[in-house]
Colleague: 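Following this message is one structure expressed as structure tokens.
In what follows, chains carry the letters A, B, and so on, assigned in the order in which the sequence lines appear, proteins first and then strands, with residues in each chain numbered from 1.
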Amino acid sequence: MEIPKTYEPRLAEERWYSHWMAKGYFHSEPDEREPFTVVIPPPNVTGVLHMGHMLNNTIQDVLVRKARMEGKNACWVPGTDHASIATEAKVVQKLRQEGIKKSDLSRDEFLRHAFDWKEKYGGVILQQLKKLGASCDWERTSFTMDPEYSESVITVFIDLFNKGKIYRGVRMINWDPEAQTALSDEEVIYKEVNSKLFHVRYKIAGTEDEWITIATTRPETILGDAAICVHPDDERYKHLQGKQVIVPIVNRVIPIIADEYVEMEFGTGCLKVTPAHDVNDYELGKKYDLETIDIFHDNGIVNENGLHYAGNDRFDVRKEIAKELDAKGYLVKVEDHINKVGFSERTDCVIEPRLSLQWFVSMKELAQPALDNVMNGTISFHPDKFKNTYRHWMENVKDWCISRQLWWGHRIPAFFYGSGSDEFVVARTIDEALAAAKVKSGNDALTASDLKQDEDVLDTWFSSWLWPISVFNGLTQPNNEEIKYYYPTNDLVTAPEIMFFWVARMIIAGYEYMGELPFKNVYYTGIVRDKLGRKMSKSLGNSPDPIELIEKYGADGVRLGILISSPAGNDLPFDSSQCEQGRNFTNKIWNASRLVMGWEVKQMEQPKAAVKAIEWFHARFQHELAIINDLMNKFKISEALMAIYKLVWDDFCSWYLEMIKPGYEQPIDQATLDQTIVYFEQLLCLLQPFTPFIAEELWHLLRERKEGEDIIIASWPKEATYNKEVLHQFAVAEEVIINIRNIRKQNNIANKVKMDLFVKKNNELDQAFDAVVVKMGNLTQLDYVNEKIANANTFLVAANEYFIPFGDSIDLVAEKAKMEEELAYTKGFLKSVQSKLSNEKFVAGAPEQVITNERKKEADAIQKIEILTEKLAGLK
RNA sequence: GGGAGAUUAGCUCAGUUGGUUCAGAGCGCCUGCCUUACAAGCAGGAUGUCGGGGGUUCGAAUCCCUCAUUUCCCA
């Protein structure tokens with residue numbers, strides 16, 4: 001039976017994923033074990049897998065798989081988010097391609113289309129996650145618009161309303177004229193754009209030719225001007241305070257007010273105030289009781305307040321009005337200017353600050369426990385530097401605008417029975433609403449048809465903030481078995497960008513509805529970037545298709561490639577060469593297994609080198625295991641992976657296997673083979689969370705397994721005691737071997753050629769690893785001598801002298817030069833140590849231990865110099 | 001404009017309380033090897049004023065000040 005030289009991932013991946021599914025290893029039910037729960041950050045139902053998901057979900061899978069091996073009842077809940085704006089935009093677009101306009105459809109018709117679409121294309125991303133190896137409990141797949149989930153959302157809305165935490169109010173909100181909906185502050189992205197700063201002069205009322213010049217980037221809003229504002233201390237304008245000006249074109253008379261909000265240095269130091277179209281202006285408007293003149297329709301078209309500009313788009317009006325101002329002599333000058341403009345995260349259109357009647361959650365009180373419990377460490381952030389950002393936001397939290405003028409989402413359960421702003425009730429059903437409305441209105445004759453439900457839906461995050469609770473139906477069935485068992489969840493893995501959208505609000509909801517934290521740890525991943533440091537995005541086309549990567553490098557290779565250099569919170573500059581590294585690693589393990597499985601066993605004595613190798617690898621493995629566990633506990637996942645990588649490749653393959661390897665076509669003894677397989681299995685266990693497919697594949701190739709003996713449910717290796725001294729002894733042997741190899745290389749001595757090695761002991765030397773040195777150095781013998789050997793290559797390890805007699809070709813000059821260099825370095829070293837030791841302040845100030853170390857350094861160096869000097873003399 | 005970080009080898013990053021795992025790892029690079037587990041490999045090797053400047057200290061990548069560059073968050 002020929003085992004292929006390279007590992008072929010595809011077959012193994014398909015076979016083992018279906019095997020795991022068939023055995024139900026991913027499925028969790030509450031039992032007496034300790035739970036380990038992770039809820040997936042639900043991707044948009046319309047989404048396709050990108051590199052960010054790969055990173056995020058690989059990390060979750062590592063955590064979940066490790067917990068499973070630690071005997072915990074691991075439960076990873078997958079699902080998708082209905083993502084109201086994003087999905088609605090996609091459905092609208094798809095309908096448009098079919099020639100259907102949203103405005104031609106009724107709400108119900110539109111929703112039917114949307115659900116059809118979701119059924120057909122939604123959740124592709126979950127199928128893709130399976131290719132990655134994600135061990136999610138697919139039987140628990142949730143969707144934020146599942147009936148029971150929707151019920152929790154409505155329950156929470158009603159509850160918060162009844163507690164007075166939800167209110168309806170006119171506020172300045174971010175309006176998306178494209179999607180024609182309000183957006184939360186977090187959905188607005190500010191970008192720097194090149195724009196123009198228009199200097200426009202307004203005539204002072206009651207004067208012939210006295211003017212005041214303002215600077216604005218948005219001249220079209222002149223149509224809605226309500227005041228001019230200057231700084232109270234600004235000497236240039238002091239005489240104008242309290243006077244009035246005439247708005248150009250509009251010819252409205254407005255006051256000049258003074259407020260410290262104005263920056264004297266900016267522009268002309270005069271600000272025009274348009275309360276309807278700017279957040280700060282709105283605040284000024286409230287303060288000075290100014291008129292609020294809205295000049296736009298919902299879609300950004302100028303309305304009847306815009307005089308002859310009515311019916312034109314806001315950006316066209318900006319150009320046109322500039323021309324008119326210029327023509328009429330109002331435009332003083334135009335400057336280039338860079339300013340920050342808000343764009344809609346979803347539609348990328350310029351946000352219009354706008355006054356609007358919306359629903360809000362009052363956040364201040366709700367946020368308090370969420371702030372406290374992160375700051376006091378009840379909930380840990382990894383890395384914890386994100387606590388600063390979190391605190392800053394939570395201390396300045398603003399009320400949350402939760403209504404969206406969309407159809408796809410949870411419709412707000414408010415029912416209007418009249419046209420007054422307070423003539424509504426909030427209720428779960430139309431029947432309950434009717435009953436409540438009768439009471440509230442005092443009108444017993446109301447019928448269901450008199451009630452009109454609010455047209456708006458809720459912000460998507462108003463449903464996803466309940467995710468850790470509602471996937472277990474904790475709100476609809478409080479205290480059910482599952483919520484009691486799985487909540488609070490353990491680790492949340494997500495991107496820092498959604499710390500406020502999602503993480504903070506989940507914590508808030510957790511404390512409000514469960515009375516405790518939703519998760520104990522939050523692991524923030526970085527942003528996946530391309531080699532040039534650009535964010536991966538569809539529009540740049542710089543994002544590799546993860547599925548193609550998996551096909552090319554294998555799922556394990558990609559997982560390793562993506563984890564190997566992504567410390568928590570740091571961006572991940574991704575390059576497919578990392579996947580290549582991953583692929584190479586899986587291939588390396590594959591070949592190690594070919595070696596081990598190819599050996600014939602014979603009844604024979606165990607070689608000494610093998611005995612020592614086994615002793616050493618136990619120590620080495622245990623030493624590293626402690627480090628790996630520690631790193632994992634600290635969520636330093638890439639570092640843990642790197643430690644495993646080196647343990648497998650360097651320690652196990654390059655050293656251990658070479659030490660025990662019999663000669664070509666030679667048999668191996670039973671004891672060594674058995675122990676080697678045990679070691680191999682332990683390494684596979686460490687690898688399983690990271691590279692689950694090849695781990696399972698080799699687990700089954702290395703040994704006959706009974707039904708159900710799969711590595712996915714095997715135990716994570718236990719820490720055990722080990723002999724630290726062995727590690728030290730091996731390090732010395734290792735140095736000797738490296739020196740031998742160097743001499744071979746320098747003198748062009750082939751590895752096949754056996755050599756003699758003589759040792760002159762000057763110091764205590766443990767000879768335990770001599771057999772290993774003989775084997776690895778390919779020596780005929782290793783002998784101890786009392787006198788120096790003449791005509792030999794020499795080297796020093798731990799002040800012991802090693803000699804390899806010259807063969808035919810020698811290079812005395814080179815040998816001498818090498819020694820002289822070493823001697824010079826050692827002398828310099830000694831000098832620096834001695835100068836330190838002769839410094840009285842150092843001796844007085846440094847701790848005992850440090851001084852002892854320095855003295856030892858000094859002694860070692862002196863000895864080394866003696867030996868080297870002698871040797872050099874001998875060469876002459 | 002306000003806040004929080006970052007700056008260590010060509011690249012990506014480790015580096016606990018200042019002093020023996022202090023200048024490290026992986027990749028890349030250079031040299032030599034197709035040595036029957038693996039060329040997707042083996043063996044060996046090189047690489048840094050620890051962003052600049054100043055200070056504290058017997059001693060600074062580590063603490064303080066300052067400047068520069070840069071990322072993110074908020075307005």
Side-chain angles (χ1 to χ4, degrees), chain A residues 3-7 185-186 188 190 263 265-266 279-280 340 342 383 385-393 395-396 398 496-497 499-500 526-527 529 531 533 535 553-554 557 561 564-567 569-575 577-599 630-631 634 636 638-639 641-643 645-646 649-650 653-654 657-658 661 663-665 727-728 731 737-746 748 750-753 776 778 835-847 849-854 856-857 860:
Chain A
I3 307 171
K5 270 188 167 186
T6 48
Y7 170 57
D185 293 341
E186 289 74 30
V188 179
Y190 290 89
E263 275 179 59
E265 291 75 27
F266 182 82
V279 181
N280 298 310
K340 290 208 173 170
K385 66 178 180 186
F386 285 114
K387 279 164 85 170
N388 289 329
T389 320
Y390 180 84
R391 181 182 58 208
H392 191 255
W393 193 78
E395 282 175 351
N396 298 288
K398 303 221 176 56
E497 339 173 315
M499 187 192 295
F500 308 127
I527 298 165
R529 296 176 180 278
K531 265 193 282 188
K535 214 165 157 172
Y553 299 107
I564 200 80
S565 67
S566 64
N570 272 23
D571 285 359
L572 168 66
F574 181 79
D575 183 24
S577 70
Q578 289 160 229
C579 295
E580 206 175 307
Q581 188 187 353
R583 192 252 338 241
N584 293 354
F585 181 61
T586 56
N587 198 47
K588 181 72 187 178
I589 311 167
W590 175 256
N591 276 294
S593 78
R594 286 179 63 218
L595 176 68
V596 172
M597 286 183 291
W599 286 327
D630 182 54
L631 289 169
K634 289 175 179 158
K636 295 190 171 189
S638 4
E639 284 182 61
L641 174 57
M642 183 53 75
Y645 178 94
K646 288 196 276 187
W649 199 315
D650 300 343
C653 294
S654 297
L657 287 180
E658 293 298 333
K661 187 162 130 184
Y664 179 53
E665 293 194 328
L727 292 179
H728 185 69
I737 292 163
I738 287 172
N739 271 293
I740 295 170
R741 285 171 176 167
N742 259 325
I743 283 171
R744 280 183 188 278
K745 182 161 185 188
Q746 281 158 15
N748 273 320
N751 292 325
K752 287 181 225 176
V753 178
M776 300 293 282
N778 197 22
S835 78
K836 208 186 271 188
L837 283 169
S838 60
N839 182 338
E840 277 173 39
K841 284 181 178 172
F842 171 75
V843 180
Q849 186 58 43
V850 174
I851 294 172
T852 315
N853 282 331
E854 291 299 316
K856 185 170 184 315
K857 276 192 213 170
D860 289 349

Colleague: On RNA chain B, check which nucleotide each of A:Lys752 and A:His392 is closest to and give me the residue with the more 5' one.
Modeller: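 Final value for this comparison: A:His392.
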
Colleague: Is the phosphate of B:A43, meaning OP1 or OP2, less than 4.0 Å from a side-chain N or O of A:Asn742?
Modeller: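 No, because none of the side-chain N or O atoms of A:Asn742 sits under 4.0 Å from OP1 or OP2 of B:A43.
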
Colleague: With respect to the side chain of A:Lys636, which nucleotide from B:G15, B:C27, B:U35 is positioned closest?
Modeller: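 Of the options given, the side chain of A:Lys636 lies nearest B:G15.
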
Colleague: Return the value, rounded to whole Å, for the distance between atom CG of A:Asn591 and atom P of B:A39.
Modeller: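 Taking atom P of B:A39 as the reference, CG of A:Asn591 is at 7 Å.
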
Colleague: Check the angle between the aromatic planes of A:Trp590 and A:Tyr7 and answer parallel, tilted or perpendicular using the 30° and 60° thresholds.
Modeller: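 Rings of A:Trp590 and A:Tyr7: tilted, 30 to 60°.
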
Colleague: Nearest to the side chain of A:Lys661, heavy atoms from C-beta on, is which of B:G26, B:G41, B:A37?
Modeller: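 Nearest to the side chain of A:Lys661 among the choices is B:A37.
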
Colleague: Answer whether the closest heavy-atom distance between the side chains of A:Ile589 and A:Phe585 falls below 4.5 Å.
Modeller: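 Yes; the side chains approach each other to less than 4.5 Å.
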
Colleague: Any side-chain N or O of A:Tyr645 under 4.0 Å from OP1/OP2 of B:C27?
Modeller: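 Yes, such a contact exists.
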
Colleague: Measuring only the P atom in each nucleotide, how far is B:G10 from B:U49? A whole number of Å is fine.
Modeller: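 The same atom, P, in both gives a distance of 8 Å.
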
Colleague: Using a heavy-atom cut-off of under 4.0 Å over every strand shown, decide if A:Trp599 touches base, sugar-phosphate, or nothing.
Modeller: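 No contact.
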
Colleague: Within the structure shown, what part of the strands sits under 4.0 Å from A:Thr586 by heavy-atom distance: base, sugar-phosphate, or nothing?
Modeller: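 Contact class for A:Thr586: none.
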
Colleague: Give me the distance, rounded to whole Å, that separates B:C27 from B:C42 when you measure between the P atoms they each carry.
Modeller: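 These two P atoms come out 10 Å apart once rounded.
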
Colleague: When we call it a touch if two heavy atoms are under 4.0 Å apart, what does A:Lys646 touch: a base, just sugar-phosphate, or nothing?
Modeller: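 The answer is sugar-phosphate, as A:Lys646 gets under 4.0 Å only of primed atoms, P, OP1 or OP2.
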
Colleague: Within the 4.0 Å heavy-atom criterion, would you say A:Phe585 contacts the bases, only the backbone, or no part of the nucleic acid?
Modeller: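 No contact.
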
Colleague: Taking only the side-chain heavy atoms of A:Met642 (C-beta and beyond), determine which of B:A25, B:A37, B:C38 contains the nearest atom.
Modeller: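 When the side chain of A:Met642 is considered, B:A25 is the closest of B:A25, B:A37, B:C38.
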
Colleague: Is there, by distance only and without an angle test, a donor paired with an acceptor across the side chain of A:Glu658 and the base of B:A37 below 3.5 Å?
Modeller: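 Present.
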
Colleague: Would you please test A:Leu631 and A:Met642 for side chain to side chain contact (heavy atoms under 4.5 Å, CB included) and show each step?
Modeller: CA-CA 10 Å; A:Leu631 289 169; A:Met642 183 53 75; over 6 Å; no

Colleague: Has the side chain of A:Lys588 got a donor or acceptor that lies under 3.5 Å from a partner of the other kind on the base of B:C38?
Modeller: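 Under the 3.5 Å cut-off, the side chain and the base do form a donor-acceptor pair.
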
Colleague: Provide the Watson-Crick or G-U wobble partner of B:C50, both distances under 3.5 Å; none if there is no partner.
Modeller: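 Answer to the pairing question: none, since B:C50 forms no Watson-Crick or G-U pair.
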
Colleague: Between B:C73 and B:U8, how far apart are the C1' atoms? Round to whole Å, please.
Modeller: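 Comparing C1' positions in B:U8 and B:C73 gives a spacing of 26 Å.
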
Colleague: Taking only the side-chain heavy atoms of A:Trp649 (C-beta and beyond), determine which of B:C38, B:G26, B:G41 contains the nearest atom.
Modeller: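 Looking only at side-chain atoms, A:Trp649 lies closest to B:G41.
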
Colleague: Rounding to the closest angstrom, what is the interatomic distance between B:A75 and B:G28 at atom C1'?
Modeller: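 Those two atoms are separated by 43 Å.
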
Colleague: Taking the P atom of each, how far is B:G26 from B:A14, in whole Å?
Modeller: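 It works out to 16 Å between them.
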
Colleague: Between B:G45, B:U35, B:A37, which nucleotide has the shortest distance from any of its atoms to the side chain of A:Ile738?
Modeller: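 Closest of the options to the side chain of A:Ile738: B:G45.
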
Colleague: If we call it a pair only when both distances are under 3.5 Å in a Watson-Crick or G-U wobble match, what pairs with B:G41?
Modeller: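 Per the H-bond distance test, B:C33.
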
Colleague: For B:A43, does the base pair up with any side-chain atom of A:Arg741 as donor and acceptor (N or O, under 3.5 Å, distance only)?
Modeller: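 A donor-acceptor contact between them is absent.
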
Colleague: With rounding to whole Å, what would you report as the distance between B:C50 and B:C13 at their C1' atoms?
Modeller: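 Nearest-Å result for B:C50 against B:C13 at atom C1': 13 Å.
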
Colleague: For B:A23 and B:A61, measure between their C1' atoms and round to the nearest Å.
Modeller: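 It comes out at 8 Å once rounded to the nearest Å.
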
Colleague: Roughly how many Å apart are B:C65 and B:G5, using the P atom of each and rounding to a whole number?
Modeller: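 Taking atom P in both B:G5 and B:C65, they lie 13 Å apart.
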
Colleague: With nearest nucleotide decided by heavy atoms, which residue, A:Cys653 or A:Lys634, maps closer to the 5′ end of RNA chain B?
Modeller: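 Whichever sits nearer the 5' end wins; that is A:Lys634.
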
Colleague: Among the nucleotides B:G32, B:C74, B:G45, which one has an atom lying closest to any side-chain atom of A:Lys745?
Modeller: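 The nucleotide sitting nearest to the side chain is B:G32.
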
Colleague: B:A40, B:C74, B:A37: which one has an atom nearest the side-chain heavy atoms of A:Arg583?
Modeller: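 In terms of side-chain proximity for A:Arg583, the closest of B:A40, B:C74, B:A37 is B:A40.
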
Colleague: Among B:A39, B:G41, B:A75, find the nucleotide with the atom closest to the side chain of A:Lys398.
Modeller: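 Of B:A39, B:G41, B:A75, B:A75 is nearest to the side chain of A:Lys398.
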
Colleague: Any idea which of B:C38, B:C73, B:A40 is nearest the A:Lys5 side chain?
Modeller: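 Output: B:C38.
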
Colleague: Can you tell me which nucleotide in B:G26, B:A14, B:A37 comes closest to the side chain of A:Glu639?
Modeller: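 Selected nucleotide: B:A14.
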
Colleague: Going by purine N1 to pyrimidine N3 plus the second Watson-Crick contact, or the G-U wobble pair, all under 3.5 Å, which nucleotide sits opposite B:U7?
Modeller: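 Pair assignment: B:U7 / B:A68.
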
Colleague: Go ahead and name the base partner of B:C58; Watson-Crick or wobble counts if both distances stay under 3.5 Å, otherwise write none.
Modeller: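 Pairing partner: B:G19.
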
Colleague: Applying a 4.0 Å non-hydrogen cut-off, can you work out what A:Asn587 is touching in the nucleic acid: base, sugar-phosphate, or nothing?
Modeller: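 Touches a base.
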
Colleague: Under 3.5 Å for both donor-acceptor distances, Watson-Crick or wobble: does B:G1 have a partner, and if so which one?
Modeller: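 Answer to the pairing question: B:C74, which forms a Watson-Crick or G-U pair with B:G1.
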
